[in-house]
Amino acid sequence: MAEKGKLYECKICGQIVKVKKAGAGTLVCCGKPMVEKEGEE
């Protein structure tokens, strides 16, 4: 589940997204799940 206010990054292309509204499911980019980016908000 993506959490509001968190940053997520694609480890393949480097795209970063900030979640504005939490929801069920997994953020996916380049066919792979995005990972939470730590240390920045």
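Everything numeric here is computed off the predicted structure, so don't read it as measured data.
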Inset, instruction - Could you grab the distance from atom NZ of K6 to atom CD of E38, nearest 0.5 Å is fine? - result: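 Answer for the NZ-CD pair, K6 versus E38, is 8.5 Å.
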Inset, instruction - Rounded to the nearest 0.5 Å, what's the gap from SG on C29 to CD on E9? Could you check? - result: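 C29 atom SG to E9 atom CD measures 10.0 Å (nearest 0.5 Å).
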Legend entry - Smallest separation among heavy atoms of G5 and K18, with atom names: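 Smallest heavy-atom distance, with atoms named: O-CE, 3.8 Å.
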Legend entry - For K32, all residues meeting side chain to side chain contact (heavy atoms under 4.5 Å, CB included), sequence neighbours excluded: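 With sequence neighbours excluded, K32 shows a side chain to side chain contact (heavy atoms under 4.5 Å, CB included) to I12, given in chain and number order.
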Inset, instruction - List, by chain and number, the other hydrophobic cluster members for V17, where Ile, Leu, Val, Met, Phe, Trp and Tyr join if side-chain heavy atoms come within less than 4.5 Å, directly or indirectly. - result: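 Taking Ile, Leu, Val, Met, Phe, Trp and Tyr as members, V17 shares its hydrophobic cluster with Y8, V19, L27, M34.
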